[in-house]
Every structure is written in C-alpha cells, then in structure tokens.
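Residue numbers run from 1 in the order of the sequence given. Atoms within a ligand are numbered from 1 in the order they appear, just like the ligands themselves.
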Amino acid sequence: MLYSIRMRAAKGGSHETGGTHISGAERIVADNELSTIASELITRALHHAKGQADYINLTIDTVNKDNVIYINSLPIETHTVNSVEEGHATATDLLVKSGITPTACNRAIQLLLTLTTNMRGAILLDAVTGKRLDSTNDRGIRVSHMDAIQSNTVLSGKHHMYEALTLASKVSSCNGVLGELCWSDDPEYVIGYVSCDHTYHRINKMKVPSSPMGGRVFFIQPHMPVEPIIDYLENTDVLVDINQACIK
Ligand code: PML
Ligand code: MG
Ligand code: MG
Ligand code: MG
C-alpha cells in the first residue's frame, strides 16, 4: 500500500490563524516506511533555519496506485553568476526564450522580493501580461502529492535541490505551465532556479544571504483555464524518476 504524507509547520499559531510558515515537505511512501518518514518530517519542523515550529500539521492518506503518473525528472543545467542582479538577469533571459515576456518576468521577481514572506504556495501569473491568475492571496497554490523515485545515494545531503527538482518536474509536466521561477525562503539558502524549455536551470545566486523572502511563480499560457491546472498541481499523484537526472 502507498501513502501520501504531508507536513506543514508554522510559528505563532497555525497557518490558518496567521502563523508564519516555517517548513513544508511531503513524500509518497510504502506502509513499512511511514513511521520513519513521519518522524523525519517532524524533526524538520522542529529544526529549521526559520525557527522552531509551534504548529505542526501531518496529513496521511492512501494513494490509489492505478492513478499515479510516472514521469522523468528534468535534466539539470547549472549557471554560475557573480551577483543576485546577474542571477535575475540570467533567469529572465532563459524565461524570455521560452515565450514568457519581460513584463511577466519582472513582475514575478518583484513579487518574490516583496510579497511572499508568509506564503507557502506558488503564485500563478499570465506568461504574457504578468497578471496574477490565482485568487489565493497569501496562501498560494501548494504543489502536492508527489515524490521522487530515488536511490538513497542520490539523495544524501542534497534535499533542497532534489525536492525542488521533483516539484519542478511535476509542474513542468502540467499542461499550460510554460515556466517557473523559484528561490527559497530559507534565509541561508541563496541558490534558485528557473524551469523552462524542459530544463531545470540552477542559478547559484538568486537572493542575498539572510533574506527571508522567497517563493515560487508559475507562468501560465494565456487563455488557459486555471482550475484544471490547479487541480493537477495540488491533487494528482506524480512520481518522478530522479535517478537519471543528468547534469547537462
Ligand atoms: C525551497 O526551499 O523550496 C526552494 C529550494 C530551491 C533549490 C534550488 C537548488 O538548490 O537547485
Ligand atoms: Mg522551505
Ligand atoms: Mg508544461
Ligand atoms: Mg488528497
């Protein structure tokens, strides 16, 4: 039997009552791994760079094996820049090559720099106009029901990247999503990425150290209905084969 297990943690109360988001993570695992993974997720909520959570929500439900979608991870390409400005310019160049307008890119960068302190989900923007398409305000669209099919050797010590790669691969497999921009809200984690062109473009400097600002923006093809996109991102179970994640 397979289970989806999801953790979200906040400080100063629950997310619903205005607490600050501290950490979120999830897995899809077999029943014999469930209690070990539950304990790992709780440990993460208690030892996080953003502080110790005082609210932890753990949700577990079964996954219908027949409905799981299997995909390959995006290949990884690494970009080395000397400053955050250069990082953002590199991200914009890559996204523009995929048909996302400079207007939409700039809007996304400004939003991540300013608006997302307490968001645990992603913002959806029209890839051409840059207009916001989701109506979730500070909550955002939380991509869920996914995991990597992994070998433990691959995963050791690189959780940020492999979790992001798993999420980006699911997002990229969604019909109507043209690209993604992301950097972490973890104060000490400055590496970010853009996903477009079926590639995970990893950029070494996307924010200044100690900034708590970060998050995700998904660029949506114009005139696509957003409800099916949101439903796929939030609810469809997707397993991503990251063992083949070749470094370009
Ligand atoms: C997050 O914390 O959710 C974002 C992590 C971005 C990871 C980027 C990378 O290391 O490739
Ligand atoms: Mg985080
Ligand atoms: Mg797509
Ligand atoms: Mg569910």
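For Arg202, every heavy-atom contact with ligand 1 shorter than 4.0 Å involves the side chain, none the backbone.
Side chains of Thr59 and Asn57: a donor-acceptor N/O pair is present below 3.5 angstrom, by distance only. Between Thr199 and Asp197, the side chains place no donor N or O within less than 3.5 Å of an acceptor N or O (distance only, hydrogens not considered).
Between Asp54 and Lys11, none of the side-chain N atoms (NZ, or NE/NH1/NH2) sits under 4.0 Å from a carboxylate O, so this pair counts as no salt bridge. A salt bridge links Asp61 to Arg6: at least one charged side-chain nitrogen sits closer than 4.0 Å to a carboxylate oxygen.
Taking every heavy atom of Ser184 and a limit of under 4.0 angstrom, the matching atoms of ligand 1 come to 1 (C), 2 (O), 4 (C). Close contacts between ligand 1 and Ile191 involve ligand atoms 8 (C), 9 (C), 10 (O) [criterion: under 4.0 Å to a heavy atom]. Those atoms of ligand 1 with a heavy atom of Tyr200 less than 4.0 angstrom away are 7 (C), 8 (C), 9 (C), 11 (O). Residue His160 approaches ligand 1 through these ligand atoms, each under 4.0 Å from one of its heavy atoms: 2 (O), 5 (C), 7 (C).
When the side chains of ILVMFWY residues are joined at heavy-atom separations under 4.5 Å, either directly or via intervening members, Leu165 and Ile69 end up in a single hydrophobic cluster.
Taking only nitrogen or oxygen atoms, main chain and side chain alike, Tyr189 reaches within less than 3.5 Å of ligand 1.
Figure legend: cation-pi geometry between Lys170 and Tyr232, with NZ or CZ positioned under 6.0 Å from the six-membered ring centre and within 45° of its axis.
Ligand 1 does not have Asp186 within reach: every non-hydrogen atom of the residue lies 4.0 Å or more from it. The closest approach between a heavy atom of Arg216 and any atom of ligand 1 is below 4.0 Å.
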